[in-house]
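Below is one structure, written out as structure tokens; the observations come after it.
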Protein chains: 2
Amino acid sequence: MELSERKLKIMQAIIKTYLETGEPVGSRTISKYSDLSLSSATIRNEMSDLEEMGYIVQPHTSAGRIPTDKGYRLYVDTMMEGKEQEVLDLKEELRAKADRMDTLLKSVAKLLANQTNYATMVSGPQYKSKRVKFIQLTEVDESHLLTIVVLDGNVVKNEMIKITESVDVETVAKLNFLLNTALNGLDVSEMNLAIIQQIKEQAGGYNSIIDAVLNVVGNALTQDDDFEVYTSGAKNILNYPELADKENMVQLLDTFEEKKLISKWDEPVNETGDENHAIQVYIGNETQVDSMKDCSMVTATYKINEGVYGKIGIVGPKRMDYDKVVATLESLMKELDDIFKEKST
Amino acid sequence: MELSERKLKIMQAIIKTYLETGEPVGSRTISKYSDLSLSSATIRNEMSDLEEMGYIVQPHTSAGRIPTDKGYRLYVDTMMEGKEQEVLDLKEELRAKADRMDTLLKSVAKLLANQTNYATMVSGPQYKSKRVKFIQLTEVDESHLLTIVVLDGNVVKNEMIKITESVDVETVAKLNFLLNTALNGLDVSEMNLAIIQQIKEQAGGYNSIIDAVLNVVGNALTQDDDFEVYTSGAKNILNYPELADKENMVQLLDTFEEKKLISKWDEPVNETGDENHAIQVYIGNETQVDSMKDCSMVTATYKINEGVYGKIGIVGPKRMDYDKVVATLESLMKELDDIFKEKST
DNA sequence: TGTTAGCACTCCAAACGAAAGAGTGCTAAC
DNA sequence: GTTAGCACTCTTTCGTTTGGAGTGCTAACA
């Protein structure tokens, strides 16, 4: 069966009404709906067709219709009317936080949750290729050495190393020199045993320190546990009765707390390169997460530098206000672009 | 009226039963309760007294009784029978995480939530007096200086400073020397304008860098925003019907997400010095937080060093299993003591 | 041939009422 | 001081009823 112009219009009317009310929408409601002047009976016939085509369903006989995932998808793909972008008044607030990435992202999560009344997840920046830019060893007191590792993109990691006996200044300088000449510019796969052996030979007698430092370097290069995810607004989900039953709620909260969605975020960002921040909409099972089968998620990707990116996700009921969410996200992304640009210049 | 031996026993029976069932408990239930062989009628008389004294209430006439906050307090203060401590099998898991404080605390929150089936909050370590131990400036590349500030207790903070033109190695060394001689050992109140002026004079021409460094130092000393709080197990609260109504739930989740409880944690720890980790029980409104009026919270304090401490809190319904929670916490605290001891030696 | 009015039918949700059950307070007897 | 007994209260549960919303179908209409 063909999707006639009129059917499209009816679909749009159904979805719009349902987004607002959350109640199954009946033929009479649509009939009264401005544009098309058709009787409820005609609408009924069309709705019957649309149901057969899989765009809407009845929760039970003699109830109105609600959109299926396929119906939402149709709406998002072809009927969403890009709202003029909200002028977000976040600049002030965000910029105040901009000096520290973690607080910035926390604020983003929070502001976005307040703004949209949905739940949000923001993942911290991911670094694609990690190379050592620079290593520094410093004696803090007679039993502690501080190891600082600066990675590509000026990511700084530090860790204390315990030492059993004090090391003199020259030795520290020597070790610093050794480590830097040997390791700078390498990524984790390039630090092979040969190089390590070479360092140890030249270091002469400070093997335990070298080991400890290499350990720190290794951690810095591989550890992903500072792959932080900031969430906010979980409580907002409770406002949507269709999600608020206990069963589902426990699972949703769990998904949120455990940030399980994130595993799915690892997928390589398809660098189609458009300036559109790759905003994507996942409806119901499209999220690939079971507990989210009654939710939708809208994600966007922010980019700090080449190869350094993170994601922002907004989670709400399927009947979320896609227009608004997408517009808000687009606006926010521009904001973030500006902030990152300022920071890097 | 006096709290006779018998009344105490009845109270205990009421509370224990209520902790298990969560239902108002009637006189007949208590009458059948092993120890005391009294008829339900007698129990009724006693219960009537206990109600008058404010230890229990009826949700409505002709319902059983439930404990009031005062009743719970009586139980916690005088009737709790210290369970033999649970042997927690957390050692392995915790030690694996022990090398990084933040992951360690996250694990603590999570394990504790799983173990108890309540919600948990763990606050990161607080440093009471902050002094600069050591400052290091390093040139990372031609437009970035890395400032590292080590505080008392080997807390490390770092921040990048942007510079407009490259600085040569000797200058960096000189600035390092200047900063360290001037600032080491000082706390934030001692860094007055006189000292700052003196540094600037001696630095000669690098005022903007000095300013930037001082800014970083100031942040390091005052910023409390790495006063992190880790939460876990919020979903567990949903399992207790008396808390799971929407109204309350939204507020509780909010309290949790915003970590609002924490503001109350700032109170000076009363260093009564016992080795008992200052385990405290807050019942209902004793938490001082409105949304928690139907909850109880048990907190413990862990100490990493002198003056470096943090708190662990377990939040559950008023009818939480206080015995178990306290025992679990005690056991955990010993575990943590061990871990911290190992780390610092 | 497409549109509409009308009607019978279905199903849910809210309202109502009856009945059961749990528990109390009081009185009188032990 | 303790207990048995009884009347009373209040909640919970369950089935019944009723109203309304909405559909599908049929027949009439343009």
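Since this is a predicted model, take the numbers as computed values, not measurements.
- Nucleotide dG23(C) holds its P atom 17 Å from the CG atom of Leu50(B), rounded to whole Å.
- In this model, the phosphate group of dT24(C) is not approached by any side-chain N or O of Thr61(B) to a distance below 4.0 Å at OP1 or OP2.
- Look at CD on Glu46(A): it is 10 Å from C1' on dG2(C), rounded to the nearest Å.
- Rounded to an integer number of Å, the gap from CG of Leu38(A) to C1' of dA5(C) is 15 Å.
- Atom-to-atom, CZ of Arg28(B) to C1' of dG25(C) comes out at 17 Å; the value is rounded to the nearest Å.
- In this structure, Glu52(A) atom CD and dT23(D) atom P are separated by 16 Å, rounded to whole Å.
- In terms of phosphate contacts, Ser27(A) brings a side-chain nitrogen or oxygen within less than 4.0 Å of OP1 or OP2 of dT23(D).
- Salt-bridge formation is not detected for the pair Glu46(A)/Lys9(A): no Lys NZ or Arg NE/NH1/NH2 atom is positioned less than 4.0 Å from an Asp or Glu carboxylate oxygen.
- Taking 4.0 angstrom as the limit, Ser39(B) places none of its side-chain polar atoms (N or O) nearer than this to OP1 or OP2 of dT2(D).
- In this pair, Tyr240(B) and Tyr118(B) present their aromatic rings parallel. The plane angle is below 30°, not in the 30 to 60° band.
- If you measure from atom CD1 of Ile30(A) to atom C1' of dA21(D), you get 15 Å, rounded to the nearest angstrom.
- The residue among His60(B) and Met47(A) whose nearest nucleotide of DNA chain D lies closer to the 5′ end is His60(B).
- For Thr42(B), whose side chain is taken as the heavy atoms from C-beta onward, the closest listed nucleotide among dT4(C), dT23(D), dT3(D) is dT3(D).
- Side-chain N/O atoms of Ser62(B) and base N/O atoms of dT9(D) include a donor-acceptor pair closer than 3.5 Å.
- Across all strands, Ala41(B) comes closer than 4.0 Å to base atoms (heavy-atom distances).
- Donor-acceptor pairing under 3.5 Å, judged by distance alone, is present between the side chain of Arg44(B) and the base of dG25(C).
- Taking every side-chain heavy atom of Asn45(B) into account, dT3(D) is the closest of dT3(D), dT3(C), dG24(D).
- Tested against Glu242(A), the residues Lys318(A), Lys293(A), Arg319(A) include a single salt bridge (charged side-chain N to carboxylate O under 4.0 Å, His left out) partner, Arg319(A).
- One interatomic measurement links the two molecules: CD1 of Ile43(A) to P of dT23(D), which rounds to 10 Å at whole-angstrom precision.
- Residue Arg6(B) places at least one side-chain N or O under 4.0 Å from the OP1 or OP2 atom of dT2(D).
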- Please test Ser331(A) against Thr328(A) for side-chain hydrogen bond (donor to acceptor under 3.5 Å, both in side chains), starting from the C-alpha separation and ending with a verdict. CA-CA 5 Å; Ser331(A) 169; Thr328(A) 309; over 6 Å; no
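- If you measure from atom CD1 of Ile66(B) to atom P of dT11(D), you get 14 Å, rounded to the nearest angstrom.
- Side-chain N/O atoms of Arg65(B) include one lying less than 4.0 angstrom from OP1 or OP2 on dT24(C).
- A salt bridge between Lys235(A) and Glu258(B) is absent, with no side-chain N of the basic residue lying under 4.0 Å from a carboxylate O of the acidic one.
- dA29(C) is paired with dT2(D) under the criterion used here, namely a Watson-Crick or G-U wobble arrangement in which both key atom distances are under 3.5 Å.
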